[in-house]
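We name chains A, B, ... by the order of the sequence lines, and we start the count at 1 in each one. If you're wondering where the values come from, they're calculated on a predicted model, not measured in any experiment.
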Amino acid sequence: MSSAELKQRLLQVIGSIPKGRVSTYGDIARMAGAPNHARFVGTLLKNLPTGSKIPWQRVINSKGEIAFPAGSDNWIRQQQRLLAEGVVLTGGKVSLRQYRWQP
DNA sequence: CAAATGACGTAGC
DNA sequence: TGCTACGCCATTT
């Protein structure tokens with residue numbers, strides 16, 4: 001499979017995360033049938049066009065943390081978008097027990 | 001073409 | 001519980 005195809009599959013998976021739920025880089029890669037590509041999910045989101053419909057805020061790391069440096073503008077932006085849809089961060093982290101999405 | 005990079009994950013201590 | 005080391009691999013330098 002080419003990386004362009006994988007890219008589309010990853011975006012499809014991310015786009016299917018329900019509002020108010022989250023998923024991790026690793027889970028997304030696995031769901032797209034490409035384990036070992038967690039990092040690619042990140043490099044992919046980084047290059048998203050401004051105003052994309054992709055719910056990038058629902059993607060966090062395996063520890064339940066927002067991947068950006070805590071307190072950075074991006075971190076705050078993501079936290080706001082999560083709060084706006086009902087995902088609460090306690091102690092700077094999302095409770096994967098509660099919000100992690102698995103089909 | 002070699003080396004560095006990165007919105008990651010996991011094992012080991 | 002926290003930190004360090006690796007493994008990983010598309011992209012970028």
Side-chain angles (χ1 to χ4, degrees):
Chain A
M1 119 186 346
S2 70
S3 66
E5 293 176 296
L6 177 57
K7 173 178 175 180
Q8 289 312 312
R9 304 183 57 172
L10 289 170
L11 290 177
Q12 182 177 12
V13 172
I14 296 172
S16 65
I17 302 173
K19 184 175 76 169
R21 305 297 299 284
V22 300
S23 188
T24 71
Y25 296 89
D27 284 349
I28 290 167
R30 281 189 290 269
M31 288 187 267
N36 304 15
H37 285 238
R39 299 192 85 117
F40 187 50
V41 176
T43 55
L44 175 56
L45 291 183
K46 182 165 59 176
N47 302 322
L48 279 181
T50 315
S52 170
K53 301 273 187 208
I54 300 299
W56 54 268
Q57 72 274 23
R58 298 179 192 152
V59 185
I60 60 183
N61 67 25
S62 68
K63 296 179 293 194
E65 305 167 327
I66 287 176
F68 295 114
S72 64
D73 286 354
N74 283 314
W75 189 96
I76 293 173
R77 195 161 17 316
Q78 183 167 6
Q79 189 209 41
Q80 281 305 309
R81 295 182 65 137
L82 284 174
L83 288 173
E85 50 183 65
V87 177
V88 179
L89 282 80
T90 46
K93 308 194 321 183
V94 170
S95 168
L96 292 176
R97 271 325 255 278
Q98 291 186 247
Y99 300 105
R100 187 182 218 166
W101 173 68
Q102 343 230 47

Query raised in the report: Which residue, Thr43(A) or Arg39(A), contacts DNA chain C at a nucleotide closer to its 5' end, judged by nearest heavy atom?
Result: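 The residue whose closest nucleotide sits nearer the 5' end is Arg39(A).
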Query raised in the report: Are Leu83(A) and Tyr99(A) connected in a single hydrophobic cluster, I mean Ile/Leu/Val/Met/Phe/Trp/Tyr linked by side-chain heavy atoms less than 4.5 Å apart?
Result: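 They do not share one cluster, since no chain of ILVMFWY contacts under 4.5 Å joins Tyr99(A) to Leu83(A).
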**Report entry** From dC8(C), dA7(B), dG9(B), nucleotide with atom closest to Asn61(A) side chain
**Finding:**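 Given the options dC8(C), dA7(B), dG9(B), the side chain of Asn61(A) is closest to dG9(B).
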Query raised in the report: The side chain of His37(A) lies closest to which of these nucleotides: dA7(B), dA10(C), dC8(C)?
Result: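 The nucleotide sitting nearest to the side chain is dA10(C).
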Quick one: [X] [atom1] to [N] [atom2], roughly how many Å, whole number?
X        : N       : atom1 : atom2 : answer
Tyr25(A) : dG9(B)  : OH    : C1'   : 12 Å
Gln79(A) : dA7(B)  : CD    : C1'   : 16 Å
Lys63(A) : dT10(B) : NZ    : P     : 11 Å
Leu44(A) : dT5(B)  : CG    : P     : 22 Å
Met1(A)  : dA10(C) : CE    : P     : 12 Å
Asn74(A) : dG6(B)  : CG    : C1'   : 14 Å
Asn36(A) : dG6(B)  : CG    : C1'   : 16 Å
Glu5(A)  : dA10(C) : CD    : C1'   : 15 Å

Query raised in the report: Mapping Arg30(A) and Phe40(A) to their closest nucleotides on DNA chain B, which lands nearer the 5' end?
Result: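 Final value for this comparison: Phe40(A).
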Query raised in the report: Between Ser3(A) and dA10(C), is there a side-chain N or O to OP1/OP2 distance below 4.0 Å?
Result: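 No.
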Query - With Ile17(A), the side chain to side chain contact (heavy atoms under 4.5 Å, CB included) member among Asp27(A), Ile54(A), Val22(A), Ile28(A) - result: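 So, applying the side chain to side chain contact (heavy atoms under 4.5 Å, CB included) to Ile17(A) and each of Asp27(A), Ile54(A), Val22(A), Ile28(A), only Ile28(A) qualifies.
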Report task. With the side chain counted from C-beta on, respond yes when Trp101(A) and Pro18(A) share a heavy-atom pair under 4.5 Å apart, and no when they do not. Result ->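 Counting from C-beta outward, Trp101(A) and Pro18(A) do come under 4.5 Å.
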**Report entry** Gln57(A) side chain to Glu85(A) side chain, donor-acceptor N/O pair below 3.5 angstrom
**Finding:**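 Checked: Gln57(A)/Glu85(A) side chains pair up, N/O donor to acceptor below 3.5 Å.
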